[in-house]
Structures are given as C-alpha cells and as structure tokens.
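Single-structure report; data block below.
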Protein chains: 4
Amino acid sequence: MSTPSRRPRADAGRNRARVLEAASELFAERGDEVQMAEVAKSAGVGVGTVYRHFPTRQALIEAVAEARFAEILAFARAECLSTPDAREGLKRFLLHIGQVHEDGRALSRSIETALGSTAPRGEVGAELRELGAELLERGRGDGTVRADVTVEDLYMIVGALAAVARADWGDWRRFVDFQMAGLDPEVAGRP
Amino acid sequence: MSTPSRRPRADAGRNRARVLEAASELFAERGDEVQMAEVAKSAGVGVGTVYRHFPTRQALIEAVAEARFAEILAFARAECLSTPDAREGLKRFLLHIGQVHEDGRALSRSIETALGSTAPRGEVGAELRELGAELLERGRGDGTVRADVTVEDLYMIVGALAAVARADWGDWRRFVDFQMAGLDPEVAGRP
Amino acid sequence: MSTPSRRPRADAGRNRARVLEAASELFAERGDEVQMAEVAKSAGVGVGTVYRHFPTRQALIEAVAEARFAEILAFARAECLSTPDAREGLKRFLLHIGQVHEDGRALSRSIETALGSTAPRGEVGAELRELGAELLERGRGDGTVRADVTVEDLYMIVGALAAVARADWGDWRRFVDFQMAGLDPEVAGRP
Amino acid sequence: MSTPSRRPRADAGRNRARVLEAASELFAERGDEVQMAEVAKSAGVGVGTVYRHFPTRQALIEAVAEARFAEILAFARAECLSTPDAREGLKRFLLHIGQVHEDGRALSRSIETALGSTAPRGEVGAELRELGAELLERGRGDGTVRADVTVEDLYMIVGALAAVARADWGDWRRFVDFQMAGLDPEVAGRP
DNA sequence: GATGAATGAGCATTCATTCAT
DNA sequence: CATGAATGAATGCTCATTCAT
C-alpha cells in the first residue's frame, strides 16, 4: 500500500551535485539565457532547492565556473607538472584551457557577463595560482621560460586565451603559439 | 495621445551625433545598466529620436563600438604608420588599444555582452584590418616583426588585449610586452 | 530586485479562477482597453500570476471567451434540448446568444479584435458544434426546421447574430426572427 | 538649368485621392497593422500630407470605408434597381456586399476595430439607406419580399453578412440564401 | 528540507500625432 | 502646402527571488 515516494532520500549534498551538473550542461549549451527554473527542472528539483544551495543566480554561475576550474586544476596537476621540460608543461596547460573555453563558449560568456571576468576565484583560484607558480618555477629551473614572468602575468595570458578561445577570431592554437614565443627566455628584454 | 514637443526640429543629423555621444559617455561610465530612456534624456531628445537613429539597443551599442573603432583607426593612421621602425608602430597601436579599453571598461563589457565580441565590425572593421595588414607589412619590410604573422593573428592578439585591459588581472602593459616579445622575429619557430 | 510578496500561496487553481472572473468583468465593461496590470490588481494578484495562468494577453481573452461559450453550452443543454418542439429550442438558443453578446458588447469586440472572430474554439467549441447538431437533428425529427441546414450553416448564423447583437444596428431580436423564418422548412428551396 | 521638381503641381485634391487609394490597398492587404507612415510612403507623400487630409487615423479608415460604400452604392444603383423582380435585385445586392467583404477581409476587420462597426456612415450611408428603402419598396411592390421589413432590418442583415463574409465560418453564399429565405413573404409571421 | 506558486519592478519598443522648416 | 524628424506616453512581458505549505 505504501507507494515509494519519488525522490525519497535525496540527501542534501546529492541535490547540490545534481543542480551543479544540470547547470553546467545548460550553461555550456545555451549560456546566459538559461533560467533558474530550467536548471531546477533539469536537475529534477524545485527552484527552492536550487536557491537553498546557491543563494543567487550569480552564485550558481560562480559555482559552475569553479567546477570548471577544478577540472582544469586536476588536469594540470596530472599532466603539466611532470613533463620532460617545463615549457612543454606550460604549453599543455594553455592548450587545455583553450580547449575548455572552446568547448564551453556559451558558459564562458555567461561567466564573463555574470561575474565580469573569467578569472579563477575562491579556493580553487588560489590553488590554481599556486599551480601556476609551480609551472613557472619549473620553467625558471630548466631555463625554458622567461625568469621574470609572474603568476599575475601568467593569468593575464590565461584570461586572454580564454577570451580568444571563446570568441571566433581565428585559431586560438596560433594564439597559444604566440604566447609560448613571448614566454621564451631568448627574447626577454627586447623592446 | 502625446504631449506637444518641446525642442523640435534640431537639425537632422546633429541629433544622431548627440545621441551617440551621450551613449558613449553613459556606457563608458555605467555599462550595460544604462537604459534607452537615459540615453535619450542625456542627449536631450525623446526616446523616439534615439530609436529613429538606432533601431534597437543593440544597434546603438554597435554604433558606439564603431565610433570607438573609428577613433582607434584615426589614431593608428596618424601615429602608428610613420614610426621609425615598424615594431614601434605596432607597439603604439597595442598600447593605444589597451588604453582605450582601460578607459572604457564598462563600455567594453557592454559591447562584449551585447554583441558577443569586441571585434571590429562593419566598414571601420574592414579598414582596421587593412591597417593591421599595413602594420604587419611594414614589420616584414624592416624585419622587426615575425614574417608569418597574419592579420587574423594580430586581431586575436588585439581581442585578447581588449579582454585583459578591461579586466583587472594585472598591468595590461606587461601583457603588451609579452605580445611584442611573441611577435619578435628571433623566436619564430621555437616550439 | 523584487519586494517581498504580500498575499502568498493562495491555493493554486483558486487564483486562476479569480483572474478569469476579474478579466471577464473588466473586458465586459471596458473591452480592449483593459490592461494586464488592471486585471491582476482587480483579481488581487500580481501580474506575474496572471501570466502564470495565461501566458499572453490573447490567451487570457481566449479563456474568457471560452468561459462564455461554456456558459452558453450549459444553458443550451439545460434549456434548449428539451423544448416541446425543436424550433422552440433553436430559437431559445439564438435568443440566449444574442443576449449574451448584448450584455457583453465590449467583451465581444475584444474577442473579435484579439482572436479575429467570435467563433467558438477548442474543446467547448467542439461540444457546441455537437450541441448544434443535436438541435438541428431534433428539428429534422419533428419537421420544424429545414432539413438541409448544416452545423456550419447554424454557426454562420450564430456568428452573424453575435455581430448584430454586439453592434447597435437595431433590435437584434428582429434579426433572430428573420433567421427563424429562414430556417423554416416551408421556404426551403425558394430562389 | 532648372531641373523639374519631382511632384510640381500636385494640387490639393489630387493628393487626397492618392492617399485614399494607397490606404485602401494597404488596409485591404494587411489590415490594422498598416501605419500612417506606410500609407504616406506608399502614396508618395509625407505623413504630414496624410494628416492634412485625414486628421486622424480613424478618419482615414472612415474615408476608406466610405469609399467602399460608395462603390457598393454605385453598383447597387446600376445593377440592383432594375432587375425583373425586386427579389433578384435584393439578392444581387447582398451577394455584392458579401463579395466586397470577402475580397477585403483585412480592411473589414480594420474598420470593425477602428470604428466599432462596419455599418455605413455619413453621406454615403444616408444614400445607402435610401437605396435600401427603394429595394424594399420594390419588393413590397411586386410582392417578392416580406412587407414588414424595414431598412433597419435590412442593414442588420447587411452587417451580419459583412461579418460572415469577412470571417471564415463557411460559405457566406449559403448565408445569403438563408437571408433570402427569411425575407420571403410566405413565411412572414411564423413563430 | 523541498516545493513551486506568487511577486512586481524593470524596460525595450511602438506609433499616432505635431510642427519647425 | 508639403515634409518628415521629433515626441513620449503607453504596455506587454520577463525572471530572479521569496516563503507558505
């Protein structure tokens, strides 16, 4: 006689994840036009639940952005810190970032619009900065990257790359090549 | 249904200019939050007049963007094509663009949001591309710029710079330096 | 961006009815000039609620029209299918329709303007057609109505009557008399 | 040296006619959505000129309507007053009216919306009433039309027919048949 | 906790009409 | 007389956010 309730024990955190996942997909596909109610529906919850976990639309987008940064961070740790030379690791890092933004153009634009920038934030942001520092440190170590490049410099380049990859201005891989050239120790100091 | 007009018949095209000017200032200051009615008021005309000259909000923003590009074009023609060496001209070009976007951050964001990109469009866009070609040609001539750089490459860099300068990721002048380094003929071809 | 709600959670479908009722009255009184906001206010809800139940202004008017048709249907079932002779039933039907349109002239005009016609639509429309068929069938049965009259014919007459009753061209009851005369079996076939 | 001016001696009344003609066509095609500026353009004049001749949009529509009534009047005088029997003349009258409304559905709707009715007005309206009286008088004379039919009755029927013909409820010619039947002297007085 | 109905400020856009030139 | 640029009130609709149930 007791029909099982539809979503019986969807414990708290589970819902957060579902919402985040739904939001990630929707924003990646349709960008800023997705509405909170759609996210809720797609996640199989009510709007109220979305708001329980993400107090504002902006917070949700922030969280989606952070999730993407976390992915990037994981990739970089696995693939960019252990390359034969540091230069190679750095390039892989940039190529991955370009790819992520190309694949999620609409999302990137939403982030830009909602947060005013695609720069990494929060905890993951801090870890990314650390990671960037390590990439540069390695470069300084083996002499394959200009020694005067700061983490701030690197993330300007990353931000620029994000903009290039989400736009349709040409082959962003060429842009990466230019950045790698600009980071070459040989040319440091040219006017 | 309407109340008698207050300041009628102010010379045809004059109003277009006033609206454009007002819009330029307002968008530069407050970005996407400015409303059509504000623009009208600030220009001293009715909304209808704004719409007569710019059929949609997006068209207005497009026009403001184009005006900015026209300024850049004029600057570049005057200051960047006659430098002692081509590299210097190119650098001045980039520095000017960075400055324009730093000074009009809010506007740059509005353009990005409304048009999806800050890339030059239309007639002025075409002229800018030509100008870019000349800048690069000069560089090929005196050997101060990588010979394989295309106009498309250049405008990827310009777009990237626009993103960097309107954001707050660090000193965009440093970014310009990296780009100049990347465009150095010496490093062309490094992996 | 919004202010806290004032009268929340008033039972789901109850609100739909209140809106419909308010709209019916307002449109009957003042016709096409009523605004969505007025309907909302008069129903004691926010505009958003009106739009939740009726996605567009036209949809609201359609619903009001349908409600009126439903009334007519109910009347006809109760009063027109059980008259001594079918002719009498048909006449009562027409008289009721004329009365409804006379009483809600402004509404009838709104419907005409918004929907392009006052013809019954949707589900209720289908039931009305069935009812019309029954009325005619009865007439064929007792020989009080021309046998060649189709439901389509009948609803042309009904539509015509609606137009006459909502206009001010004369006593629409006279018009009904002419229609009854025209439906008389005696004259069928006259040139 | 003197280039002929474009429209040199477009004397007053000529423009009125051009505007009226343009308006007739446009309203017949696209109905209420035509704007005053379009009418002006289509007539090859400025909006101001349209307003000189027709002080409001409604006045313009009224004039277009009147022109149509004038056509009907002319037709009726030529074709309906001289038929062998009066009944035939009356029928031709109705058929012509139906045709006019079928051909100019959009216009008919505009008139209905703007003026609240498609009933003939003004001077032409008066003449049409007279004409209607004559048609009925002839019918009384040769006994082919119910003697108790008034001009008001006739114009209720005409208005109804206009509604039927401009709608898409069925074959309005059938409706005309029913009206003719209803006007038959044989059935006068049936309940 | 979860739900989703309710809220309502906000805003781009339209178009009949006017009147300086 | 003709022109057409200017006017601005009017209005349907959206959607992030709240909170009674």
Side-chain angles (χ1 to χ4, degrees), chain A residues 5-7 9-12 15 33-41 45-53 55-58 60, chain B residues 1-16 33-38 40-41 44-53 55-58 60, chain C residues 1-16 33-38 40-41 44-58 60, chain D residues 5-7 9-12 15 33-38 40-41 45-53 55-58 60:
Chain A
S5 52
R6 213 79 51 183
R7 265 176 323 77
R9 287 290 298 138
D11 56 314
N15 273 347
E33 82 189 43
V34 321
Q35 300 168 16
M36 296 303 271
E38 285 181 83
V39 173
K41 192 173 189 185
V45 301
V47 244
T49 303
V50 174
Y51 276 91
R52 162 167 302 276
H53 295 293
T56 63
R57 183 186 147 96
Q58 169 158 322
L60 175 59
Chain B
M1 228 171 240
S2 62
T3 320
S5 49
R6 236 164 292 288
R7 227 184 13 68
R9 289 268 87 187
D11 163 32
R14 179 71 193 130
N15 273 346
R16 200 197 122 99
E33 83 193 13
V34 320
Q35 298 164 218
M36 295 303 271
E38 287 180 82
K41 193 174 190 183
V45 301
V47 244
T49 301
V50 174
Y51 277 93
R52 161 171 291 271
H53 295 294
T56 63
R57 185 187 146 95
Q58 169 158 320
L60 176 59
Chain C
M1 230 172 236
S2 62
T3 320
S5 48
R6 236 163 293 289
R7 227 184 11 71
R9 288 270 87 184
D11 164 31
R14 177 74 192 124
N15 273 345
R16 200 195 121 98
E33 84 193 13
V34 321
Q35 298 164 216
M36 296 303 271
E38 286 181 83
K41 193 172 189 184
V45 302
V47 242
T49 301
V50 175
Y51 278 95
R52 162 171 290 272
H53 295 294
F54 308 96
T56 62
R57 184 185 147 94
Q58 169 158 320
L60 175 58
Chain D
S5 52
R6 214 78 53 184
R7 268 178 320 77
R9 287 291 299 137
D11 58 312
N15 274 345
E33 82 189 44
V34 321
Q35 301 168 17
M36 296 302 271
E38 285 182 84
K41 192 173 186 183
V45 301
V47 244
T49 302
V50 174
Y51 276 92
R52 163 167 301 276
H53 296 293
T56 65
R57 184 186 147 96
Q58 169 157 322
L60 175 59

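We name chains A, B, ... by the order of the sequence lines, and we start the count at 1 in each one. The figures here come from the full heavy-atom set of this structure, side chains too, leaving out hydrogens, waters and symmetry mates.
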Exercise for the section: State the CG-NE2 distance between D:N15 and D:H53, to the nearest 0.5 angstrom. Expected result: 5.0 Å

Practice task
Output the single nucleotide from E:dT7, E:dA2, F:dT17 whose closest atom is nearest the side chain of A:R52.
Solution key: E:dA2

Problem - C:R57 CZ - F:dG12 C1' separation (whole Å) - result: 9 Å

Handout entry: Closest contact, heavy atoms only, B:V50 versus B:M36
Key = CG1-CE, 3.8 Å

Practice task
Provide, to the nearest angstrom, the distance between the CZ atom belonging to C:R14 and the P atom belonging to E:dG4.
Solution key: 23 Å

Practice task
Could you say whether C:G48 or B:Q58 is positioned toward the 5' end of DNA chain E, judged by the nucleotide with the nearest heavy atom to each?
Solution key: C:G48

Handout entry: Comparing B:Q35 and C:V50 on DNA chain E - which has the more 5′ nearest nucleotide
Key = C:V50

Handout entry: Proximal nucleotide (of E:dA2, E:dT17, E:dT13) relative to the B:Y51 side chain
Key = E:dT13

Practice task
Whole angstrom is fine here: how far is it from CG in A:L60 over to C1' in F:dT17?
Solution key: 14 Å

Completion exercise
Heavy-atom closest pair (C:E38 atom, C:E33 atom, distance to 0.1 Å) is OE2-O, 3.8 Å

Exercise for the section: Please state how far atom NZ in B:K41 lies from atom P in F:dA9, giving the value in whole angstrom units. Expected result: 11 Å

Problem - Side-chain N or O of C:N15 closer than 4.0 Å to phosphate OP1/OP2 of E:dA5 - result: no

Fill in the blank from the handout: Taking every heavy atom of B:Q35 against every heavy atom of B:R57, the minimum-distance pair comes out as CA-NH1, 4.4 Å

Exercise for the section: Can you figure out which of E:dT18, F:dG8, F:dT3 approaches the side chain of B:V47 most closely? Expected result: F:dG8

Exercise for the section: Report the nucleotide, chosen from F:dA2, E:dA12, F:dA16, that has the shortest atom-to-atom distance to any side-chain atom of D:H53. Expected result: F:dA2

Handout entry: Secondary-structure notation, DNA chain E, from Watson-Crick and G-U pairs under 3.5 angstrom (| other strand)
Key = .||||||||||||||||||||

Problem - Short side-chain N/O contact to F:dA5 OP1/OP2 from B:T49, under 4.0 Å - result: no

Handout entry: Nearest-Å distance for atom pair CD/C1', residues B:E38 and E:dG10
Key = 12 Å

